[in-house]
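For reference, the structure is listed below as structure tokens.
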Amino acid sequence: MIVVIDFGSQYNQLIARRVRENRVYCQIEPPNIDIETIKRLNPDGIILSGGPSSIYGKNSPKTDPAIFDLGIPVLGICYGMQFMVDALGGTVEKAAKREYGFAELEIKKEGKLFDKIGSSTTCWMSHGDSITNLPQGFSTTAATENTPFAAAENVKRNLYGLQFHPEVEHTPKGKQILRNFLFNVCGCKRNWTMKAFAKESIAQIKEAAGDKKVILGLSGGVDSSVTAVLIHQAIGSHLTCIFVDNGLLRLNEAAKLKIVLKQHLKINIRFVNASRLFLDALKGVTDPEKKRKIIGKIFMDVFDAEAKKIKDADFLAQGTLYPDIIESQSAFGGPTSIIKSHHNVGGLPKKMKLKLIEPLKYLFKDEVRVLGKTLGMPEELVWRQPFPGPGLGIRILGDVTPKRLSVLRKVDDILIQEIKAHGYYKKLWQSFAVLLPLKSVGVMGDKRTYENIIAIRAVTSKDAMTADWARLPHKLLAKISNRIINEVNGVNRVAYDISSKPPSTIEWE
Ligand code: XMP
């Protein structure tokens, strides 16, 4: 395995992904990780990430320089390389000219790292400081016009540095350089597979839970379903899942899920229909944050009440994913800036005094899908698009009433049918409809109408942190619009959302 020390670069997850794509396990750790922990993790190599700080900045992140004496190969990238150089006695100074963007990299010495790269290649630079003097024992291996020390190495100590970013697409041969580090320098084996991960995870859950009971909130989404199956394979009937119907689900969702979950997951599931509670509490509430708070609070109360009925439960399982962990600084302690606070876990564990089990916390979404498949789960569960906890409650702008829910459900159902029929369901991160709190004038069969407006949102994304509106074919959009207006009473206009995240968000509320 490889440990990535997180110096705060926006590309850290990408480094982890690049490593795992090579079937080598990789974990991101904060700079304040102690040497004993690193020794215990026993990595084959360490990557020091880039970061926005200057090495001389007041609060610039540092890691224990003893890391260079462990005999473990280290690759420093950008700030990571500068940290290495500074820590080992070289010099880093403010560059006369900031280097940002593409640069032509001239390879001076092939060595293990630049194997199969050729004599020159394009690389992506993004730095304000530059190395002006290498530490003793290091030699330059590549340079660009503005950066004489674009790459350096100390072969004897297995220390390597790259001033540019090999992990980004803009460095076309970056993947090869990282592969060279993993296999030529660190001697990693390509043995990290989902099967191995599942086996190890099941063993760990068995060990952690022992003969205690585990509770899991099941939403029908990919993450919680995969978590359920994994834990079930570890501890069988000691797992109880709770499914809360909040009345804000899609058309026939609760009933359909009940069938799929019962049929495919032979797991204890308690279904609680709390629709009335939620809808009563939402009456007249239009403020998005208030809606979220009400829905979150009632969910917690209902879940808590149900969980209390399960005797001897010691653990609460959650389908937290790796991006959630990396993004929420409090959970992680690293300097990677908080981009969003994640919505799923608001306070549940603290209140319930249960110990947490989060078996997916080192996986990315697409890896969770592979894991689900590995565990034998059906496509229809593994390939569901994400659906927010507050459900249609935050897709009905303004008042959430049974009547408006019924309109949106029909619209949403048509949309998903068409998206699936045209083969777009898996290609899109999410596709859904939003009911606006406005009406517009239309004409239907010579009659003036004054009805609801629907906005269609379809986005592509890797992890929901950023998203782009999907360029759906006009023919598909036309079909969707046509069917909605013809088939759903109360809608006379459909608009397509062409905003990206940022600056918009995926959901409208
Ligand atoms: P935004 O709207 O912040 O959404 O761009 C990012 C992703 O998170 C989902 N989302 C939620 N998921 N509870 C959830 O479980 C929530 O309260 C919630 N709000 C947004 C959203 O669907 C998108 O995938």
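Atoms within each ligand, like the ligands themselves, are counted from 1 in listed order.
In terms of the ring-ring contact (aromatic ring centres under 6.0 Å, His included) criterion, residue partners of Phe243 (sequence neighbours excluded) are, by chain and number, Phe271.
Contact record, Leu435 with Leu408: N-CD1, 3.9 Å, taken as the closest heavy-atom pair.
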Test ring pair (Phe, Tyr, Trp, His ring centres under 6.0 Å) on Trp508 and Phe432 and set out the steps.
-> CA-CA 11 Å; Trp508 277 43; Phe432 57 88; 8.8 Å; no
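For Asp287 (side chain) and Lys290 (main-chain N/O), a donor-acceptor pair under 3.5 Å exists by modelled atom type.
Any N or O atom pair closer than 3.5 Å counts here, and Gly389 shares at least one such pair with ligand 1. Below 3.5 Å of separation, one finds an N or O of Ile506 facing an N or O of ligand 1.
For ligand 1, the atoms sitting less than 4.0 Å from at least one non-hydrogen atom of Arg292 are 16 (C), 17 (O), 18 (C), 19 (N), 20 (C), numbered in the order shown with element in parentheses. Close approach of ligand 1 to Thr505 (heavy-atom distance below 4.0 Å) involves ligand atoms 1 (P), 2 (O), 5 (O). Of all the atoms in ligand 1, the ones that sit under 4.0 Å from a non-hydrogen atom of Trp429 are 24 (O).
Look at Trp508 and you'll find every heavy atom at least 4.0 Å from all atoms of ligand 1.
For atom 6 (C) of ligand 1, the choice among Lys501, Glu507, Glu509 with the nearest heavy atom turns out to be Lys501.
Judged by the 6.0 Å distance and 45° axis criteria, Arg471 is positioned over the aromatic ring of Trp469.
In summary, Arg384 and Glu379 do not engage in a salt bridge, as defined by a charged side-chain N under 4.0 Å from a carboxylate O.
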